[in-house]
Amino acid sequence: MTSVEPEKQPAIQMPSSVKSPITYTPQDIKIIKKVLNGYVGFANLPKQWHRKSVRRGFTFNIMAIGESGLGKATLINTLFNREIVNHRDDEETVEEDTEDKEGGVAVKIRSTKAEIEEDGVKLKVSVITAPGFGESINNTDYWKPIVDEINSRFDSYLEAECKINRSTIVDDRIHAFLYFIEPTGHSLRALDIAMMKLVHEKVNLIPIIAKSDTLTDDEIVEFKQRILADIAHQGIKIFTPEAPGDDDEETVSNTQSIIDTFPFAVVGSTKEVQTPDGRTVRGRQYPWGVIEVDNEAHNDFVKLRQLLIRNFLEELKEHTANVLYENYRTEKLKKMGIEQDSTVFREFDPLAKQQEERALHEAKLAKMEAEMKSVFQQKVSEKEKKLQRSEADLFARHKEMKDKLTKQIKILEEKKVQLEKQRSLPQEPMVQPAQQKTRKGFLR
Amino acid sequence: MPEPVGITSLPDQRYKIVSKEGATFTIMVAGESGLGKTTFINTLFQTSLKPHQDPTERHNKFQSAQETVEIGIVRAILEEKNFKIRLNIIDTPGFGNNVNNNDSWTPIIDFIDDQHESYMKQERQPLRTNKKDLRVHACLYFIRPTGHSLKPLDIEIMQRLSTRVNLIPVIAKADTLSPAELDTFKTRIREIIEAQDINIYTPPLELDDPASAEHAKQLIESMPFAIIGAEEEIEISPGKFSRGRKYPWGVVEVENDEHCDFKKLRSLLLRTNMLDLVLSTNEIHFENFRSTKLGADEEENEDELKEELTNEKGEVVKKPSITKKPRRLHNPKFKEEEDQLKKFFTEQVKAEEQRFRQWETNIINERNRLNQDLEEMQLKLKNLEEQIKKLQLAKR
């Protein structure tokens with residue numbers, strides 16, 4: 001018999017070129033460092049920024065906090081040389097404001113805006129004040145609207161930065177926080193310390209001694225020392241500009257002298273007065289003399305203006321955006337349960353990426369292969385079973401038929417043998433055929 | 001005379017901050033190989049940043065004859081006049097070298113998208129001060145100086161690039177074209193760029209500043225820039241050296257506006273428009289990518305349950321959902337391997353089918369043989385019957 005024996009499952013072997021994975025060892029990131037002698041031109045970038053910044057304009061949000069009567073409005077107006085904050089507004093608010101349940105005066109947040117232009121440079125300044133601060137007998141809760149205001153400005157920036165369309169993002173964050181200290185000549189009060197402690201990590205805190213014309217030079221020196229000691233003792237951070245060594249000497253010494261003047265003892269005045277020697281200056285006239293706002297010998301207004309506007313306005317903004325806001329945001333997101341995924345900060349490495357993709361690809365390929373192999377083997381085995389069955393059927397049927405035939409042949413052969421035997425015996429008359437005939441006819 | 005507030009110092013403050021901080025600048029060079037991409041980069045920065053790829057090396061790279069487009073990154077910190085830039089050069093060697101270049105741009109496009117996506121992911125992290133930024137600020141696309149027209153491949157790739165990056169097409173090795181030929185070639189390329197809606201980078205025209213507007217206009221009119229790269233200094237006249245290429249018929253000077261547009265391109269890339277390239281990448285291309293991506297994610301998540309969290313003030317804030325999509329893999333080699341696997345199975349199937357057909361034939365043959373066997377037996381049976389019949393008849 002030439003029956004076909006079903007072969008074993010064909011072993012599936014992949015072509016070798018497909019299987020061998022290419023392995024890379026991730027390399028350290030190489031960085032070429034060079035100082036160029038010739039002029040290539042990228043050093044022009046700061047100049048491009050200079051131009052661009054003029055085109056785009058500047059913004060500055062300043063918060064001025066302190067008890068009323070310390071000359072906040074006057075100082076702000078003196079700084080920007082125009083009436084930004086209205087005195088009457090400030091006072092009226094205090095008077096008109098609805099008294100809260102405990103009989104205190106509620107602190108309200110006020111914001112006024114102004115646009116200043118000098119020689120084509122534009123600055124949009126926003127001044128945020130809190131009339132009513134420190135007015136109450138019990139001041140414990142009076143810091144809250146102020147802290148809330150700072151937080152909500154951070155929050156709205158955070159929200160805007162998460163939006164799908166953020167082309168209209170506006171920076172309303174507080175870039176500088178002027179805290180007005182009453183010129184008591186003693187030291188910081190508990191309220192001052194409490195307030196400063198609550199905001200010093202959220203804003204660029206700049207404490208100033210208001211109305212310093214009520215203190216003599218010696219008193220100021222002592223008062224400043226005591227304030228600084230308090231600030232240091234309480235761990236309060238105040239904004240301190242950096243004076244990197246690579247700057248020119250003049251800048252470094254100027255920055256240092258600003259720092260040495262902390263906390264600024266200032267006098268504000270938008271009024272012009274005549275000095276005894278005939279000059280017209282911004283200042284305050286007393287029977288005993290004229291105090292000049294812009295005179296460094298009289299008060300620290302010039303230094304304050306340098307810090308706030310002329311030298312460090314952009315630095316104040318940078319620090320707000322890169323340090324203060326970032327810290328706030330990190331805290332906030334962590335509180336919201338958003339976990340840090342540090343894997344996204346990897347240095348892009350094309351080789352590693354290729355390797356990663358190769359691994360993914362191999363996995364995909366292996367899966368594909370396994371799937372195809374399983375389908376293939378299933379189909380093959382189905383077909384094999386079918387063929388084996390039909391083969392078996394064939395043999396079985398054949399055997400059955402053969403057996404049947406063999407049996408019949410055997411019967412007939414026996415019959416034949418019998419007949420032949422009978423033939424050799426004497427003949428007897430046959431009756432049967434006749435009987436058969438009648439039976440046949442009867443049946444029909 | 002009122003005392004000035006002093007805000008005129010603000011641009012200077014910005015200048016100082018930028019000078020101190022330095023900058024990050026990423027340039028991508030794309031185009032067929034052999035067009036002088038490496039030379040151009042080294043010429044632009046007047047220093048050897050990128051080693052030239054050894055042509056003999058090209059053969060023993062992964063056995064395959066079909067070269068894949070591999071992204072190469074050269075990182076450098078260059079300092080000029082105390083100003084530092086972190087420079088990233090993204091190279092795409094081997095591009096367009098294959099016989100079949102279908103999809104050969106996908107690794108380039110993927111690279112650009114990947115960088116945007118990576119930046120987006122980094123920006124979302126709670127702590128994000130050390131972001132790695134490889135977003136491409138300018139993509140130089142090198143056009144072969146055929147003098148005829150753009151190839152369909154060039155058009156396909158440029159279309160894809162122009163929606164993602166600041167695309168700057170350049171005519172490579174322009175010293176092979178005469179000024180008249182170059183003019184015609186430029187005009188033709190500009191026409192195609194316009195007709196195919198390819199959005200190439202153009203410097204902004206600041207009309208309120210006539211000098212800058214005039215400069216920008218000149219740059220725009222010279223596009224696409226015809227360039228020549230040369231790293232060697234040639235003595236053009238006694239004692240005067242200039243980077244250029246020396247031919248028997250003369251010296252082509254790289255920094256000669258009469259000879260090529262190298263200076264204009266350098267101005268666009270570095271001296272006048274570098275900031276605009278950086279800002280437009282951040283404010284236009286990155287924002288486009290981000291809003292499209294977020295828009296798509298949002299749609300996808302619309303039906304899903306949104307996880308809500310409340311902050312300390314009791315406001316409901318949406319937790320950004322982290323959806324991981326399977327990475328798409330575009331390496332043409334991978335596709336090839338998949339095809340090979342499929343082919344392998346198809347062959348296996350064919351072999352098995354052949355085996356089954358043979359088996360079936362064998363079964364049929366066997367059946368025939370057995371049937372014959374049975375027939376023989378039947379015949380025998382018949383014979384016996386006949387014999388018996390005869391015997392019975394004879395008996396009567």
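Letters A, B, ... mirror the listed sequences (proteins, then strands); counts begin at 1.
Contacts between B:Val278 and chain A at a heavy-atom distance below 4.5 Å are absent for every atom of the residue. For chain A, no part of B:Leu269 is nearby; none of its heavy atoms comes within less than 4.5 Å. Residue contact with chain A, scored on non-hydrogen atoms closer than 4.5 Å, involves the side chain of B:Phe111 exclusively. For B:Leu134, the part lying under 4.5 angstrom from a heavy atom of chain A is the side chain only. With a 4.5 angstrom heavy-atom cutoff, B:Leu127 touches chain A via backbone and side-chain atoms both. In this structure, no portion of B:Asn383 lies under 4.5 Å from any heavy atom of chain A. Using a 4.5 Å cut-off between heavy atoms, B:Arg367 contacts chain A through both its backbone and its side chain. Proximity to chain A (any heavy atom under 4.5 Å) is shown, for B:Glu206, by both the backbone and the side chain. Of the two parts of B:Glu21, only the side chain, counted from C-beta on, holds a non-hydrogen atom closer than 4.5 Å to a non-hydrogen atom of chain A. Looking at B:Thr272, only its backbone comes within 4.5 Å of chain A, counting heavy atoms on both sides. Only the side chain of B:Gln387 comes within less than 4.5 Å of a heavy atom of chain A; its backbone N, CA, C and O stay farther away. Contacts between B:Glu385 and chain A at a heavy-atom distance below 4.5 Å involve backbone atoms as well as side-chain atoms.
Looking only at side-chain heavy atoms (C-beta outward), B:Pro11 and A:Val121 come within less than 4.5 Å of each other. Put simply, the side chain of A:Val380 does not reach to within 4.5 Å of the side chain of B:Gln348, judged on heavy atoms. Between B:Met274 and A:Asn44, the closest side-chain pair of non-hydrogen atoms is not below 4.5 Å. For the pair B:Arg14/A:Val54, no side-chain contact is recorded, criterion being any heavy-atom separation below 4.5 Å from C-beta on. The closest side-chain heavy-atom distance from B:Phe344 to A:Glu369 is not below 4.5 Å.
Of all non-hydrogen atoms in A:Glu315 and B:Lys20, the two that sit nearest each other are OE1-NZ, 4.3 Å. Contact detail for B:Met377 and A:Ile409: the closest heavy-atom pair is O-CD1, 3.5 Å. Of all heavy-atom pairs spanning A:Leu45 and B:Ala23, the tightest one is CD2-CB, 3.3 Å. Contact record, B:Gln378 with A:Leu405: CG-CD2, 3.8 Å, taken as the closest heavy-atom pair. When all heavy atoms of A:Ser390 and B:Ile363 are compared, the closest pair comes out as OG-CD1, 3.8 Å. Heavy-atom minimum distance, A:Leu333 versus B:Arg124: CD1-O, 4.0 Å.
Using a 4.0 Å cut-off between charged side-chain N and carboxylate O, B:Asp209 and A:Arg51 make a salt bridge. Under 4.0 Å is where a charged nitrogen must lie from a carboxylate oxygen, and between B:Lys131 and A:Glu326 no such pair does. A salt bridge links B:Asp373 with A:Lys402; the closest basic N to acidic carboxylate O contact falls under 4.0 Å. A salt bridge is absent between B:Glu283 and A:Lys52; no separation between the charged side-chain nitrogens and carboxylate oxygens falls under 4.0 Å. Salt bridge annotation for B:Glu360-A:Lys386: absent, with no cationic side-chain nitrogen under 4.0 angstrom from a carboxylate oxygen. A salt bridge does not link A:Glu314 to B:Lys16: none of the charged nitrogens lies less than 4.0 Å from a carboxylate oxygen. For B:Glu352 and A:Lys379, the salt-bridge test fails: no basic side-chain N is under 4.0 Å from an acidic carboxylate O.
The main-chain N or O of B:Ser9 is never found under 3.5 Å from a side-chain atom of A:Glu118 such that the two would form a donor-acceptor pair. Distance alone, capped at 3.5 Å, is enough to place a donor-acceptor pair between the A:Thr330 side chain and the B:Pro126 backbone. With hydrogens and angles ignored, the 3.5 Å screen pairs no side-chain donor or acceptor of B:Gln46 with any backbone N or O of A:Leu36. Listed for the B:Gln125 side chain is no donor-acceptor partner under 3.5 Å among the backbone atoms of A:Ser342. Remark: side-chain polar atoms of B:Glu287 are not paired, donor with acceptor, to backbone N or O of A:Ser167 under 3.5 angstrom.
Judged by distance alone, the side chains of B:Trp359 and A:Glu391 do bring a donor and an acceptor atom under 3.5 Å apart.
The greatest number of non-hydrogen atom pairs below 4.5 Å with chain B, out of A:Lys122, A:Gln408, A:Lys317, is found for A:Gln408.
Within the model, atoms CZ of B:Phe345 and CZ of A:Phe376 stand 7.5 Å from one another, a figure rounded to the nearest 0.5 Å. The CZ atom of B:Arg355 lies 11.0 Å from the NZ atom of A:Lys383; values are rounded to the nearest 0.5 Å. Remark: A:Ile411 CD1 to B:Leu384 CG distance equals 11.5 Å, nearest 0.5 Å.
Each of A:Glu117, A:Arg310, A:Arg82 was checked for a side-chain contact (heavy atoms from CB on, under 4.5 Å) with B:Val5, and the lone residue meeting it is A:Arg82.
Screening residues 73-88 of chain B for side-chain hydrogen bond (donor to acceptor under 3.5 Å, both in side chains) gives A:Glu347-B:Arg75, B:Thr24-B:Arg86, B:Thr26-B:Asn88 as the qualifying pairs, with residues at least two apart or on separate chains.
In this structure, A:Arg346 has no side-chain hydrogen bond (donor to acceptor under 3.5 Å, both in side chains) partners at least two apart in sequence or on a different chain.
Atom NZ of A:Lys47 has 12 or fewer heavy atoms from other residues, nucleotides or ligands within 6.0 Å.
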Show your reasoning for whether salt bridge (Lys or Arg N to Asp or Glu O under 4.0 Å) applies to A:Arg358 and B:Glu337. CA-CA 11 Å; A:Arg358 161 70 46 188; B:Glu337 286 178 11; 3.1 Å; yes

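Ring orientation note: the planes of B:Tyr15 and A:His50 are nearly perpendicular, at an angle over 60° on the 30°/60° scale.
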